[in-house]
Amino acid sequence: MKYLITGAAGFLGSHLTDALLAQGHEVIGVDNLLSGRMKNLEKAAAQPGFEFVHHDVTEPLSSNCDRIFHLAAPASPPLYQKDPVGTSKTCFLGTLNVLELARETGARVTMTSTSEVYGDPTQHPQREDYHGNVNPTGPRACYDEGKRVAETLAFDFRRMHGVDVRAARLFNTYGPRMDPKDGRVVSNFIMQALTGKDITLFGDGSQTRSFCYYTDMVRGLIRLMDADNIDAPVNLGNPVEVDMHHIARIVLDIVGSSSELVYKPLPEDDPTRRKPDIRRAWEVLNWAPEVPVEEGLAQTVVYFKNYVLDQVA
Ligand code: NAD
Ligand code: UDP
């Protein structure tokens, strides 16, 4: 089949590209390189079934394809807050353009929504039928509300135009090829530990997240795309909930670092707890994550070590 992947040069998009090429599919990778890097696509670029198109999804797309994975969007809080209007535009116009392309071509679409649609949740763990607690005017709104309206567009295109669209609500996902400088917690802690800098804990470090390794996530996304009769959003994430202290301790242990923990103010609207209820993914996709966070972090440290060595060389 011919796949189009928006956000293909990013962390998850590039792994998805590799996985689909390995299955024998053709892939057109679309990216404006805002946070993605061509280095992530080195393996894909060496294969005949891959084509890269430098394009901003806020502009209309035209291409023949059977299936579209729509991932293009800045994903790290510091990056999506740097140009909040740009983030809203990417979430809204980007998704609209993808859905228009799907309407023209009849392609099936899987889009990456986020646990941020639940905001700072008052229901725990978060189930797909929870409608969330999002501040519509805060600094995270460009992304949270952007992804919410992206879901709205998706389900309106399904109702009005019969577009076969699926929304995966991704919870925190990590692994090799994350941008070491994009400011997310896993990349920050690992880079700080490897370079002997202080580990920056925001707030008192007791806020929780649930971290999914990229191999599990890519497997879930492909299962969601392949499944028949999916007509509601599906949470994809690892239900093992940990606080940020715990993540800092694991990273320090793996790296063998003596970096100090320092405390910085908690960013505004930073969710206090987050954990997916993944019963729907289990029921409709027979999917659950398999990689424990200690193991995934150890693999990720290996990648970042090589990155640091490359920088020094
Ligand atoms: P990433 O930043 O590595 O990848 C995003 C990609 O989209 C980048 O390559 C970037 O250059 C590209 N992009 C951004 N704006 C674009 C635009 N206007 N036009 C074309 N390309 C554009 O982030 P990621 O972690 O790989 O995230 C991929 C998707 O998954 C995003 O939609 C994100 O919202 C979603 N998601 C990720 C996580 C996570 O923890 N990794 C959690 C929830 C949701
Ligand atoms: N965080 C932290 N130190 C950092 C970066 C992030 O303590 O250097 C915290 C952040 O406040 C949040 C959690 O780690 O509570 C996860 O942050 P991330 O930016 O990775 O993703 P989020 O889930 O907030 O989108």
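None of these values were measured; they are calculated from a predicted model. Counting starts at 1 for both ligands and their atoms, following the listed order.
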Novice: Ignoring hydrogens and angles, tell me if any N or O in the side chain of Asp31 forms a donor-acceptor pair with the backbone of His54 under 3.5 Å.
Specialist: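 Side chain of Asp31 to backbone of His54: no pair is present.
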Novice: Which of the atoms in ligand 1, numbered in the order shown and given with their element, are less than 4.0 Å from a heavy-atom of Thr90?
Specialist: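 Counting atoms of ligand 1 from 1, those under 4.0 Å from Thr90 are 15 (N), 18 (N).
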Novice: Are Arg108 and Asp228 close enough for a salt bridge, meaning some N to O gap below 4.0 Å?
Specialist: yes
Novice: Give a yes or no on whether Val293 and Phe11 share a hydrophobic cluster (residues Ile, Leu, Val, Met, Phe, Trp, Tyr; joining criterion: side-chain heavy atoms under 4.5 Å apart).
Specialist: yes
Novice: Any idea which residues sit under 4.0 Å from ligand 2, heavy-atom distances?
Specialist: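 Within the 4.0 Å shell of ligand 2, which is judged on heavy atoms, sit Pro77, Glu116, Arg140, Asn172, Gly183, Arg184, Val185, Asn188, Phe189, Thr200, Leu201, Phe202, Gln207, Arg209, Met244, Pro267, Asp270, Arg274.
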Novice: Can you list the atoms of ligand 1 that are under 4.0 Å from a heavy atom of Asp56?
Specialist: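 Taking each heavy atom of Asp56 in turn, ligand 1 has 17 (C), 18 (N), 19 (N) under 4.0 Å.
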Novice: Distance under 4.0 Å to a non-hydrogen atom of His55: what atoms of ligand 1 satisfy this?
Specialist: 19 (N), 20 (C)
Novice: Do Ser76 and Arg184 have a side chain donor and acceptor closer than 3.5 Å?
Specialist: no
Novice: Please table the atom pairs, donor to acceptor, closer than 3.5 Å between any side-chain atom in residues 297-304 and protein atoms at least two apart or in another chain.
Specialist:
from: Thr300; atom 1: OG1; to: Gly296; atom 2: O; distance (Å): 2.6
from: Tyr303; atom 1: OH; to: Arg37; atom 2: NH2; distance (Å): 3.4

Novice: Salt bridge or not between Glu100 and Arg103? Use side-chain N to carboxylate O under 4.0 Å.
Specialist: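 Salt bridge between Glu100 and Arg103, a charged N being under 4.0 Å from a carboxylate O: yes.
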Novice: Give the atom numbers and elements of ligand 1 that come within less than 4.0 Å of a heavy atom of Leu33.
Specialist: 11 (O)
Novice: Determine the sole option in Arg140, Lys147, Arg169 for which the side chain to side chain donor-acceptor pair (under 3.5 Å) test with Glu116 is passed.
Specialist: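 Among Arg140, Lys147, Arg169, the one meeting side chain to side chain donor-acceptor pair (under 3.5 Å) with Glu116 is Arg140.
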Novice: Under 4.0 Å from a heavy atom of Thr114: which atoms of ligand 1 are those, numbered in the order shown and with their elements?
Specialist: 43 (C), 44 (C)
Novice: Would you say the ring centroid of Tyr174 lies under 6.0 angstrom from that of Tyr213?
Specialist: yes
Novice: With a heavy-atom distance limit of 4.0 Å, tell me whether Arg184 approaches ligand 1 through its side chain, its backbone, both, or neither.
Specialist: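 For Arg184, the contact with ligand 1 is made by the side chain alone.
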Novice: Do Thr137 and Asn135 have side-chain atoms, one donor and one acceptor, less than 3.5 Å apart?
Specialist: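 Checked: Thr137/Asn135 side chains pair up, N/O donor to acceptor below 3.5 Å.
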Novice: Who's the nearest protein heavy-atom neighbour of atom 30 (O) of ligand 1, and how far?
Specialist: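 Checked against all protein heavy atoms, atom 30 (O) of ligand 1 sits closest to Thr112 OG1, 3.5 Å.
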Novice: Check which hydrophobic residues are tied to Tyr130 through side-chain heavy-atom contacts below 4.5 Å, counting indirect links as well, and list them.
Specialist: Val117, Tyr118, Phe171
Novice: Can you confirm, on distance only, whether ligand 1 has an N/O atom lying under 3.5 Å from any N/O atom belonging to Ala72?
Specialist: no
Novice: So which heavy atom in the protein is nearest atom 11 (O) of ligand 1, and how far is it from that ligand atom?
Specialist: Asp31 OD1, 2.6 Å
Novice: Establish whether Val234 and Trp282 are linked, either directly or via other cluster members, by ILVMFWY side-chain heavy-atom contacts under 4.5 Å.
Specialist: no
Novice: Quick check on contacts: which atoms of ligand 1 are under 4.0 angstrom from a heavy atom of Gly36?
Specialist: 8 (C), 9 (O), 10 (C), 11 (O)
Novice: Near Leu12, which atoms of ligand 1 are under 4.0 Å from a heavy atom of that residue?
Specialist: 26 (O), 41 (N)
Novice: For ligand 1, which is the ligand I care about here, please tell me if Leu170 has any N or O atom under 3.5 Å from one of the ligand's N or O atoms.
Specialist: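 No: no nitrogen or oxygen of Leu170 is under 3.5 Å from one in ligand 1.
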Novice: Does a donor on one side chain sit under 3.5 Å from an acceptor on the other, for Thr272 and Gln207?
Specialist: no
Novice: Under 3.5 Å, N or O to N or O, is Lys147 touching ligand 1 that way?
Specialist: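 Min N/O separation from ligand 1 is below 3.5 Å for Lys147.
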Novice: Using a 4.0 Å heavy-atom cut-off, say whether Tyr143 meets ligand 1 through its side chain, its backbone, both or neither.
Specialist: side chain
Novice: Do NZ/NE/NH1/NH2 and the carboxylate oxygens of Asp156 and Arg159 come within less than 4.0 Å?
Specialist: yes
Novice: Counting heavy atoms only, which part of Asp182 comes closer than 4.0 Å to ligand 1: side chain, backbone, both or neither?
Specialist: neither
Novice: State plainly whether the residues Arg148 and Glu151 are in salt-bridge range, i.e. N to O under 4.0 Å.
Specialist: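 Between Glu151 and Arg148 there is no salt bridge, as every charged N stays at least 4.0 Å from the carboxylate O atoms.
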Novice: Quick one: does Ser115 get an N or O within less than 3.5 Å of an N or O on ligand 1?
Specialist: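 Not met; the criterion fails.
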Novice: Suppose we measure from atom 13 (N) of ligand 1 to each protein heavy atom; which comes out shortest, and what is that distance?
Specialist: Asn32 OD1, 3.4 Å
Novice: Donor-acceptor pairs under 3.5 angstrom involving side-chain atoms of residues 194-204: please list them, not counting sequence neighbours.
Specialist:
from: Thr195; atom 1: OG1; to: Met191; atom 2: O; distance (Å): 2.7
from: Thr200; atom 1: OG1; to: Gln192; atom 2: NE2; distance (Å): 2.9
from: Asp204; atom 1: OD1; to: Ser206; atom 2: N; distance (Å): 2.9
from: Asp204; atom 1: OD1; to: Ser206; atom 2: OG; distance (Å): 2.6
from: Asp204; atom 1: OD2; to: Ser206; atom 2: OG; distance (Å): 3.4

Novice: Suppose I only count heavy atoms of Gly10 and a 4.0 Å limit; which atoms of ligand 1 are within that range?
Specialist: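 This gives 3 (O), 4 (O), 8 (C), 9 (O) as the contact atoms.
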Novice: Around atom 19 (N) of ligand 1, find the nearest protein heavy atom and jot down its residue, atom name and distance.
Specialist: Val57 N, 3.0 Å
Novice: Under 4.0 Å between a Lys/Arg side-chain N and an Asp/Glu carboxylate O for Asp270 and Arg209?
Specialist: yes
Novice: Would you tell me which option among Ser113, Gly237, Ala73 has the nearest heavy-atom contact to atom 14 (C) of ligand 1?
Specialist: Ala73
Novice: Distance to 0.1 Å, residue and atom name: give those for the protein heavy atom nearest to atom 1 (P) of ligand 1.
Specialist: Ser35 OG, 3.8 Å
Novice: Judging by distance only, is a nitrogen or oxygen of Gly13 under 3.5 angstrom from one on ligand 1?
Specialist: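 The answer is no, given that Gly13 and ligand 1 share no N or O pair closer than 3.5 Å.
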